[in-house]
Amino acid sequence: MTNFEELSTEDKPTWCPGCGNWGILNALKNALVQLNLPKQNVLIVSGIGCSGHLPEWINTYAFNSLHGRTLPIASAAKLVNHELSVIAVGGDGDGYGIGMGHFIHAMRRNIDITYIVHDNQIYGLTTGQASPTSEKGFKTKSTPHGSIEIPVNPIALAIASDATFVARGFAGDLPHLTKLIIEGIKHKGFALIDVLQPCVSFNTLNTFDYFQKRVYKLENEKKYDNTNKIEAFKKALEWGDKIPIGIFFKSERKTYEEELPQISKTPMVKHKIDNIDISYLMEEFV
Ligand code: SF4
């Protein structure tokens, strides 16, 4: 039996046929198999939205949290047991809307989490309202005259927030996305992988065809240096006829858990607690 079969479950995903979520699920399974990670050492945390179901269909530890709260839960799990591989998944509405504050602070802390964002530029689960990454002018149920706001640019924001690994993938290119997820999991520190994920039911603008005509790979650009922050910013601002995918930026610095003296050597779950006397606390309640 291969690892892939071990990672599969009997449950059938309920996503719409043809949705970009399938590509992300399969790329993540491929990545876990290729990394040969024991499933008991992997935790996948999700939020609310179509993406929130992903952990149900991979046989690892899982936590389906609240809307926008994926990163606080994933951060807490990592701090309690930093020997776990912690993967957070969420949508653009979940992570770049209600979860935006957590997103920025997790990046500047450099907690060793891989954050995969299903960026479909719309609220899919609630049947098609404008999201933080919807394009200006995009007509949806909530913006019948076209979205007025400028979309959030998660790649530029991540670079500005000192994330140490910033990448964009495309759900229609499975081998490339698999490689990005492998690199993100192997990276020591916060890794953002924003994934262009067409919502085939409600986003009629940003379709597979739309992206297939526009995406190009940064690794094929001979002169591109993904350790140069200024160059990364320039690429992060490219969006239109050409859309870059790949690793925009990576750097090295100590993780939050390495800097925290209480847990830097031993994970909190392995701390001895049998010599802690809490009787004085209990007396207060007698
Ligand atoms: Fe995918 Fe959109 Fe269907 Fe959600 S509503 S499962 S994002 S196609």
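On a predicted model such as this, the values are computed, not experimentally measured, just so you know. Read the numbers this way: they start at 1 and go in the same order the structure lists the ligands and their atoms.
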Would you mind running through ligand 1 and noting each atom that sits below 4.0 Å from a heavy atom of G124?
-> 5 (S)
Salt-bridged, D119 to R168, with N to O below 4.0 Å?
-> no
protein heavy-atom neighbour closest to atom 8 (S) of ligand 1 works out as V200 N, 3.5 Å
A student checking ligand 1 against N21 at a 4.0 Å heavy-atom cut-off should list atoms 1 (Fe), 7 (S)
To which protein heavy atom is atom 3 (Fe) of ligand 1 closest, and what is the distance rounded to 0.1 Å?
-> C16 SG, 2.3 Å
Geometric class of the F170/F208 ring pair [parallel <30°, tilted 30-60°, perpendicular >60°] | tilted
Of all protein heavy atoms, the one nearest atom 2 (Fe) of ligand 1 is C199 SG, 2.3 Å
Given the side-chain rings of F103 and Y96, with only the six-membered ring counted for Trp, is the space between their centroids under 6.0 Å?
-> yes
Got a sec: is C50 within less than 2.8 Å of atom 4 (Fe) of ligand 1 via an N/O/S atom?
-> yes
Mark up the atoms of ligand 1 that fall under 4.0 Å of a heavy atom belonging to S201, in ascending order.
-> 3 (Fe), 8 (S)
Does the separation of the ring centres of W15 and W57 fall below 6.0 angstrom?
-> yes
Say whether, by atom type as modelled, one donor and one acceptor occur between the side chain of T143 and the main chain of F138 under 3.5 angstrom.
-> yes
Are D162 and K229 close enough, and set up right, to give a side-chain contact (heavy atoms from CB on, under 4.5 Å), and what steps lead you there?
-> CA-CA 10 Å; D162 277 326; K229 205 174 231 188; 2.5 Å; yes
Given the options H82, K188, K265, E258 meets side-chain hydrogen bond (donor to acceptor under 3.5 Å, both in side chains) only with K188
Output, in order, the C-alpha distance, side-chain angles, deciding distance and verdict of side-chain contact (heavy atoms from CB on, under 4.5 Å) for I181 and N30.
-> CA-CA 9 Å; I181 296 175; N30 287 346; over 6 Å; no
Ligand 1 atoms nearer than 4.0 angstrom to some heavy atom of F202 are 5 (S)
Would you say C19 has an N, O or S atom lying under 2.8 Å from atom 1 (Fe) of ligand 1?
-> yes
Close-contact set for ligand 1 against Q197 heavy atoms, below 4.0 Å | 7 (S)
How far is atom 7 (S) of ligand 1 from its nearest protein heavy atom, and which residue and atom name does that atom have?
-> N120 ND2, 3.4 Å
